[in-house]
Amino acid sequence: MDIQLTDRPLNQLSTDTIVRFTYQDEPVTGLDQNALGEIKRQEYNGQSLQIALCHRPEGLLARRLILVGLGQPSAISQEPSSGQPTWRQAAAQAIRLAKQGKDSTLAFDLTNLKYSTTKTVGLLVEAMIEGALLGGYRFNHYKSDRQKEPEVAELIIVLPSDQLKVAESGRDRGLAIAESILNARDLINQPPSHIKPAQLVAAAREIAALSPNLSINILDESALKKEGYNALLAVAAGSEEKPYLVHLHYRPAKAQRRVSFVGKGVTFDSGGLGIKPWKAMLTMKSDMAGAASVLAICQMLAELESIGQPLPIEVDGVIVTTENMISGKAMRPDDIIETKNGKTIEIVHTDAEGRLILADALTYTSQLKPEYIIDFATLTGAAIAALGRQYAALMGNDEPLLGLIERASAESGELLWRLPLPDLYKKHLESSVADLQNVSSGSAPDAIFGGLFLREFVGEKIGWCHIDIAGPSFVENEDEKQPLYPKGATAYGALLGLKLLELLVEKAAPTA
Ligand code: BES
Ligand code: ZN
Ligand code: ZN
């Protein structure tokens with residue numbers, strides 16, 4: 001999609017459609033009587049994601065005028081960035097309608113929105129572009145008639161003349177961020193026989209090449225064996241594919257803080273010998289969604305640097321990648337493995353493989369001694385049972401970090417909710433033959449068990465949180481209230497990670 005900023009008057013634009021965004025109960029101005037009549041008939045009042053269509057609007061060259069509701073302006077707080085989730089969604093809604101109408105050119109008229117600060121304009125344009133690209137995304141690489149699918153080729157963003165210049169950095173950011181997220185979505189949506197651990201490593205290498213400040217360390221099978229990453233090796237044992245631990249390290253000048261992200265990268269989860277029923281195995285190509293989001297965060301850091309807007313924070317992106325398969329070599333129930341940090345684990349269920357590979361990844365990452373570790377993992381079906389498909393489950397050991405994650409989530413629009421990690425439930429981790437068991441033999445809640453288990457592998461004095469993204473990482477049934485998330489991968493967590501880093505940089509900046 002070609003994206004341009006302009007201050008040309010609306011009546012000179014010859015795009016197929018022009019889109020206007022309005023807040024709830026805000027009077028719609030600058031339209032002729034016919035158009036206003038049409039809007040009235042559609043009972044449009046600007047409610048969130050509501051739409052109204054006017055055909056052949058008088059005085060405009062465009063074929064259609066679409067209004068998209070932004071909901072209550074009061075939902076947007078003093079903080080300018082708090083408007084972003086709304087703007088993103090509204091842009092996604094607009095692009096979907098445009099595609100339905102087979103538009104190939106589109107204009108977003110942003111001249112009627114009020115800008116409180118110049119910062120707001122950049123944030124607005126950024127969010128609109130992200131919304132357009134994320135909402136317009138379709139995974140259609142394998143459809144032979146994909147050329148025939150409607151595609152918006154050109155998006156023109158119309159702004160008041162005095163805002164054009166400041167909007168440019170927002171446009172560049174929006175493009176950089178969306179491109180990174182779409183790359184992650186593609187990785188997740190690709191079939192499991194196409195994206196195997198080696199292909200995830202190749203994707204990480206490509207990202208590392210984007211910036212001189214990004215370095216990459218890859219532990220292959222022989223390094224993993226030599227250094228005792230036996231939990232990762234145990235999960236990989238049943239697969240023909242070799243496992244990897246990949247560490248992307250972003251180290252810009254003037255970084256004051258260090259934060260690490262860890263991602264689960266199971267490129268296909270069959271369940272292992274405790275094999276899943278066929279229906280539960282469907283979508284298990286997306287069991288590497290956590291790793292893909294971590295890669296997207298690293299890509300964003302590199303892309304933001306290349307447009308001259310670097311984030312001064314040291315970041316690690318650690319992914320552990322393998323398949324969970326069956327064969328005569330596969331890990332067996334009743335096996336006992338000794339992990340990288342020395343703790344032993346009794347394998348009760350081979351399908352609880354994510355926590356095993358993450359145990360080793362958390363040990364590796366703890367050795368880097370970051371201030372915070374955030375892990376993204378499609379860990380449990382129980383997280384979906386508890387919170388549904390739209391919310392991720394958030395757990396952790398550090399109150400300030402949990403608070404920051406919740407703020408980041410409010411800005412990114414990626415929903416999450418806390419679950420407790422009570423010591424009271426720690427007894428479920430106990431095994432009679434090893435230090436820990438990977439699944440409770442009793443009736444422990446699985447999502448919380450996962451969090452308690454991972455906590456055992458976090459180094460001392462490191463703030464950590466675990467985000468179980470089993471629900472929101474992949475859309476099986478589209479929801480019309482979530483136009484940003486078309487069927488398939490969402491790359492949930494990528495934007496959240498970036499927002500967290502921005503909050504941390506803000507906090508590190510000397511107060512004026
Ligand atoms: N990858 C799955 C979790 C999952 C389920 C992700 C559904 C996305 C959608 C994970 O490896 C798994 O199989 N977990 C088991 C754990 C159980 C054996 C304790 C589960 O949730 O059933
Ligand atoms: Zn599993
Ligand atoms: Zn899994």
Side-chain angles (χ1 to χ4, degrees), residues 188-189 192 195 197 200 231-232 234-239 243 262-293 319-326 330-335 345-361 375-393 395 419 425 428-429 431 436-454 466-477 488-493:
I188 302 165
N189 282 328
I195 298 289
L200 268 195
L232 174 56
V235 173
S239 168
V262 173
K264 171 178 174 183
V266 175
T267 60
F268 185 70
D269 182 9
S270 74
L273 290 177
I275 196 162
K276 290 180 185 289
W278 71 272
K279 263 200 172 149
M281 215 184 288
L282 271 175
T283 75
M284 280 304 125
K285 65 175 182 181
S286 68
D287 211 17
M288 37 61 80
S293 290
I319 64 171
V320 264
T321 178
T322 176
E323 287 182 322
N324 187 22
M325 299 296 272
I326 51 170
M331 162 177 87
R332 293 140 167 83
D334 282 348
D335 268 344
I345 302 173
E346 175 193 359
I347 305 303
V348 174
H349 200 324
T350 61
D351 199 7
E353 84 296 342
R355 60 202 69 181
L356 300 174
I357 68 173
L358 287 170
D360 276 351
D375 77 66
F376 291 107
T378 45
L379 209 74
T380 65
I384 307 176
L387 299 172
R389 279 265 163 204
Q390 315 262 20
Y391 279 74
M395 290 153 259
L419 294 180
Y425 291 173
H428 293 295
L429 300 174
S431 155
L436 299 163
Q437 55 182 356
N438 79 329
V439 165
S440 154
S441 16
S443 56
D446 277 344
I448 292 176
F449 181 100
L452 287 168
F453 183 95
L454 295 179
H466 159 56
I467 308 184
D468 190 333
I469 59 170
S473 57
F474 200 84
V475 174
E476 286 182 67
N477 300 304
T490 59
Y492 179 103

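Numbering of ligands and ligand atoms starts at 1, following listing order.
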Against heavy atoms of [X], which atoms of ligand 1 measure under 4.0 Å?
| X | answer |
| --- | --- |
| His349 | 18 (C) |
| Asp446 | 19 (C) |
| Lys264 | 1 (N), 10 (C), 11 (O) |
| Val439 | 19 (C) |
| Glu353 | 11 (O) |

Give yes if a backbone or side-chain nitrogen or oxygen of Lys276 is under 3.5 Å from a nitrogen or oxygen of ligand 1, and no if not. yes
Considering heavy atoms of the protein only, find what lies nearest to [atom] and give residue, atom and distance to 0.1 Å.
| atom | result |
| --- | --- |
| atom 2 (C) of ligand 1 | Asp269 OD2, 3.5 Å |
| atom 4 (C) of ligand 1 | Met284 CE, 3.9 Å |
| atom 22 (O) of ligand 1 | Gly381 N, 4.5 Å |
| atom 10 (C) of ligand 1 | Leu379 O, 3.2 Å |
| atom 16 (C) of ligand 1 | Arg355 NH2, 3.9 Å |

I'd like to know if the side chain of Asn438 reaches the main chain of His349, judged simply by a donor and an acceptor atom lying under 3.5 Å from each other, with no hydrogens or angles considered. yes
Using modelled atom types only, decide if a donor and an acceptor are shared between the side chain of Thr322 and the backbone of Pro243 within a distance under 3.5 Å. no
Other residues, nucleotides and ligands only: do more than 12 of their heavy atoms fall within 6.0 Å of CZ on Phe268? yes
If a pair satisfies side chain to side chain donor-acceptor pair (under 3.5 Å) and one of its residues is in residues 275-292, list it, with sequence neighbours excluded. Lys264-Asp287, Lys276-Asp351, Asp287-Thr378
At under 4.0 Å between heavy atoms, what of Met281 touches ligand 1? The answer is neither
Over 60° means perpendicular and under 30° means parallel, so tell me whether Phe449 and Phe453 are parallel, tilted or perpendicular. parallel
The Zn ion (ligand 3): protein N, O or S atoms that are less than 2.8 Å away, sorted by chain: Lys264 NZ, Asp269 OD2, Asp287 OD2, Glu353 OE2
From the options Thr380, Asp351, Thr378, select the one whose nearest heavy atom is closest to atom 12 (C) of ligand 1. Asp351
Restricting to heavy atoms, the pick from Asp287, Val235, Asn324 nearest atom 1 (N) of ligand 1 would be Asp287
For ligand 1, is there an atom lying under 4.0 Å from some heavy atom of Ile384? yes
